[in-house]
Amino acid sequence: MRAAAAHFIGEHDFRNFCKADVATVRSFRRRILSFNIDPVPTSAADKAHQVFAMTVRGTAFLWHQVRCMAAVLLMVGRGQERPEVVSELLDMDATPRKPQYSMAPEEPLLLYACGFSGLSFRRSVPAMEGVLGDVAGLMHRHLIGAALTAACHSRLTKDERSVVGQWGFNEHRVTK
C-alpha cells in the first residue's frame, strides 16, 4: 500500500480518483505533498485487527478524491490490485476513462486541519476545553464499544462449544 501511495505524491490529473463535478471543476490537476500509511496503536493483540491511518497532505482536493484514493489503496492491500495500478490510473493516455470501483466508506475519514498561505487560526482556551471534552467523551464511548466487541470475539474463539465452520444448536427443554 505504501508503494502504491507513493505514486500519488506530486502534481497529477486525478480525474480517475474523484467524482466528476464537471459543472464547477475547471481542472482535475491537484498536488499531493505527502501520503503516509502508519499503524495506529490499539488494544487489539493480533495483527488481523491492526488499524492503520492514511495521512494525506495536499494543496487542494477534488470531490471524493480521498475516498477514491483510499479505495484503490485498500484493494492493493487486499491483493486485488497491484501497486502500479495507481500510476496507471494517473496516466490519462493509458487510462482515459475512470474504471468502476466503489469508494471507501466515509465514516473513518477525518479532515483534521486546513492551512492557507498567510492565514493562521487560533483556538481560545474555552473552545479547546469544549472540544477536548467532546472528543474525550466520544473516545470513551468508542473504547467501551471496542472493549466489549473484543471481549465477545475472544470468548467466542475460546468457547469449547464453538466449532468454526460448523453450526450446531443445543436443544433445551423445560419440563414442569
Side-chain angles (χ1 to χ4, degrees), residues 1-44 46-117 119-121 123 131-132 134-150 153:
M1 288 176 69
R2 287 184 181 109
H7 294 290
F8 286 126
I9 298 172
E11 185 173 326
H12 304 283
D13 186 320
F14 282 94
R15 75 182 71 222
N16 286 336
F17 290 95
C18 70
K19 270 198 162 181
D21 185 10
V22 292
T24 59
V25 175
R26 291 190 171 91
S27 172
F28 291 95
R29 295 197 69 79
R30 296 294 187 268
R31 180 181 307 276
I32 300 298
L33 303 171
S34 64
F35 201 126
N36 299 310
I37 301 173
D38 300 303
V40 175
T42 66
S43 60
D46 57 15
K47 290 196 180 237
H49 296 101
Q50 192 168 11
V51 176
F52 286 81
M54 297 180 192
T55 305
V56 185
R57 287 187 58 235
T59 56
F61 296 98
L62 296 162
W63 188 31
H64 293 307
Q65 179 182 341
V66 174
R67 288 179 66 186
C68 291
M69 292 164 53
V72 171
L73 291 178
L74 289 170
M75 288 191 295
V76 169
R78 292 181 187 125
Q80 298 167 330
E81 290 286 359
R82 299 170 291 105
E84 298 77 25
V85 72
V86 171
S87 60
E88 293 166 6
L89 291 172
L90 290 170
D91 182 350
M92 290 301 106
D93 293 330
T95 315
R97 293 195 178 123
K98 180 180 177 184
Q100 295 299 310
Y101 52 84
S102 299
M103 289 189 297
E106 66 185 47
E107 290 80 18
L109 298 180
L110 169 68
L111 175 61
Y112 178 73
C114 293
F116 299 93
S117 185
L119 181 63
S120 63
F121 295 95
R123 300 174 183 123
V131 169
L132 286 172
D134 291 346
V135 171
L138 183 63
M139 183 174 63
H140 183 73
R141 286 193 302 278
H142 284 288
L143 285 172
I144 289 171
L148 290 172
T149 304
H153 184 269

Query raised in the report: Rounded to the nearest 0.5 Å, how far does CZ of Phe61 lie from CZ of Phe17?
Result: 13.5 Å
Query raised in the report: If every non-hydrogen atom of Lys19 is compared with every non-hydrogen atom of Lys98, which pair is closest and at what distance?
Result: N-NZ, 4.3 Å
Report summary line: Across all chains, not counting sequence neighbours, the ring pair (Phe, Tyr, Trp, His ring centres under 6.0 Å) partners of His12 are Phe14
Query - Which residues share a ring pair (Phe, Tyr, Trp, His ring centres under 6.0 Å) with Phe28, sequence neighbours left out - result: none
Query - Those residues that, when tested against Phe116, pass side chain to side chain contact (heavy atoms under 4.5 Å, CB included) (two or more places apart) - result: Cys114, Leu119, Phe121
Report summary line: Sorted by chain and residue number, the side-chain hydrogen bond (donor to acceptor under 3.5 Å, both in side chains) partners of Thr24 (sequence neighbours excluded) come out as Asp21
Distance-only check: which donor-acceptor pairs under 3.5 Å involve side-chain atoms of residues 66-85, not counting sequence neighbours?
{"from": "Arg67", "atom 1": "NE", "to": "Ala104", "atom 2": "O", "distance (Å)": "2.7"}
{"from": "Arg67", "atom 1": "NH2", "to": "Ala104", "atom 2": "O", "distance (Å)": "3.2"}
{"from": "Arg82", "atom 1": "NH1", "to": "Glu84", "atom 2": "OE1", "distance (Å)": "3.4"}
{"from": "Arg82", "atom 1": "NH1", "to": "Glu88", "atom 2": "OE2", "distance (Å)": "3.4"}
{"from": "Arg82", "atom 1": "NH2", "to": "Glu88", "atom 2": "OE1", "distance (Å)": "3.2"}
{"from": "Arg82", "atom 1": "NH2", "to": "Glu88", "atom 2": "OE2", "distance (Å)": "3.0"}

Requested in this report: Could I get the full list of side chain to side chain contact (heavy atoms under 4.5 Å, CB included) partners for Ser34, not counting sequence neighbours?
Outcome: Asn36, Arg57
**Report entry** Contact check, side chains of Arg2 and Phe52, non-hydrogen atoms, under 4.5 Å
**Finding:** yes
Requested in this report: State, to 0.1 Å, how close Phe8 and Ile32 come at their nearest heavy-atom pair, and which atoms those are.
Outcome: O-CB, 3.3 Å
Query - Atom of Arg30, atom of Ser27 and distance for their closest heavy-atom approach - result: NH1-O, 2.8 Å
Report summary line: Rounded to the nearest 0.5 angstrom, the CG-CD distance for Leu33 and Glu11 is 10.5 Å
Query raised in the report: Would Leu138 and Asp134 count as a side-chain contact (heavy atoms from CB on, under 4.5 Å) if you check the C-alpha gap in whole Å, the side-chain angles of each, and the deciding distance to 0.1 Å?
Result: CA-CA 6 Å; Leu138 183 63; Asp134 291 346; over 6 Å; no
Requested in this report: Provide the closest heavy-atom pair for Phe35 versus Val56 in the form atom of the first, atom of the second, distance.
Outcome: CE1-CG2, 3.4 Å
Report task. Kindly give the heavy-atom pair with the smallest separation between Leu89 and Asn16, and that separation in Å. Result -> O-ND2, 2.8 Å
